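Sequence lines set the chain letters: A, B, ... in the order given, protein chains first and strands last, and positions in each chain run from 1. All values derive from a computational prediction rather than experimental measurement.
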Amino acid sequence: MSKEPDFFEKVYEVVKLIPKGRVTSYGAIAKFLGAAKSSRLVGYAMNGSHSLKEAIPAHRVVNRNGLLTGKMHFPTATTMQELLEKEGVVIVDDQIQTFPKFYWDPTLELL
DNA sequence: TGGGTGACCATAG
DNA sequence: ACTATGGCCACCC
C-alpha cells in the first residue's frame with residue numbers, strides 16, 4: 001500500500017531534472033529531499049538505477065569535492081568522464097574543474 | 001525479522 | 001595541511 005514514492009524514486013526524479021552540462025552533489029539532492037543526513041542513500045539509490053529501464057544521468061552526480069567517485073560503478077572507468085566532457089564539463093584527473101561553475105543546486109534552481 | 005550495505009558528509013586529532 | 005573515524009538512514013538478502 002505504498003502511496004508515496006520511494007526515496008530512490010525521488011532521487012531519480014531530481015537527477016533526471018539536472019540540466020545538461022551541469023552537475024550536482026549527493027548531499028545537495030539529499031538536502032533537497034529533506035534528508036541531508038542520508039546523503040549516502042542518494043549514492044546508494046544510484047546503485048539501484050541500473051535496474052531502471054530509464055536512463056538516469058548519474059554521471060551528472062558527483063561528490064561534494066566535485067570528484068567522480070561513482071565512476072567506478074560505470075561500465076568503464078572513463079564512461080562518466082566521457083559523458084560529462086561531452087556535455088561541456090571540464091574534468092581533469094577525474095575531478096571537475098571550476099566545480100562551483102558547473103554546480104547545479106536543486107534547492108536553489110528548483111525551489 | 002534482523003543485520004549489513006553504501007557512488008557521502010562533517011568533525012576531530 | 002592531511003588522515004582517520006563516526007553517523008546516518010532507506011533498501012536488499
Sugar-phosphate only, base, or nothing, as touched by A:Ala58 at under 4.0 Å among non-hydrogen atoms: base

Sugar-phosphate, base or nothing in reach of A:Ser38, heavy atoms under 4.0 Å: sugar-phosphate

A:Thr76 side-chain N/O to A:Thr79 backbone N/O, donor-acceptor pair under 3.5 Å: yes

Gap separating the OH atom of A:Tyr103 from the OG1 atom of A:Thr24, nearest 0.5 angstrom: 4.5 Å

A:Asp94 side, atom CG; A:Leu68 side, atom CG - distance, nearest 0.5 Å: 5.5 Å

Interface limits on DNA chain B, where chain A has a heavy atom under 4.0 Å of a nucleotide atom: B:dG6 to B:dC9

Set of residues satisfying ring-ring contact (aromatic ring centres under 6.0 Å, His included) with respect to A:Phe74, sequence neighbours excluded: none

Set of salt bridge (Lys or Arg N to Asp or Glu O under 4.0 Å) partners for A:Arg40, sequence neighbours left out: none

Please list each protein N or O that sits under 3.5 Å from an N or O in nucleotides 11-13 of chain C, with the distance.
unit_1 : atom_1 : unit_2 : atom_2 : d
C:dC11 : OP1    : A:Phe7 : N      : 3.4

Qualifying salt bridge (Lys or Arg N to Asp or Glu O under 4.0 Å) pairs with a residue from residues 41-54 of chain A, counting only residues at least two apart or across chains: A:Lys16-A:Glu54

Touch class at under 4.0 angstrom, heavy-atom based, for A:His50 against every strand present: base

Flag, side chain of A:Asp105 to backbone of A:Thr107, donor-acceptor distance under 3.5 Å: yes

Residue mapping more 5' on DNA chain B - nearest nucleotide basis, A:Lys31 or A:Gly43: A:Gly43

Non-neighbouring partners of A:Glu87 that pass side-chain hydrogen bond (donor to acceptor under 3.5 Å, both in side chains), sequence neighbours left out: A:His59, A:Arg60

Touch class at under 4.0 angstrom, heavy-atom based, for A:Asn63 against every strand present: sugar-phosphate

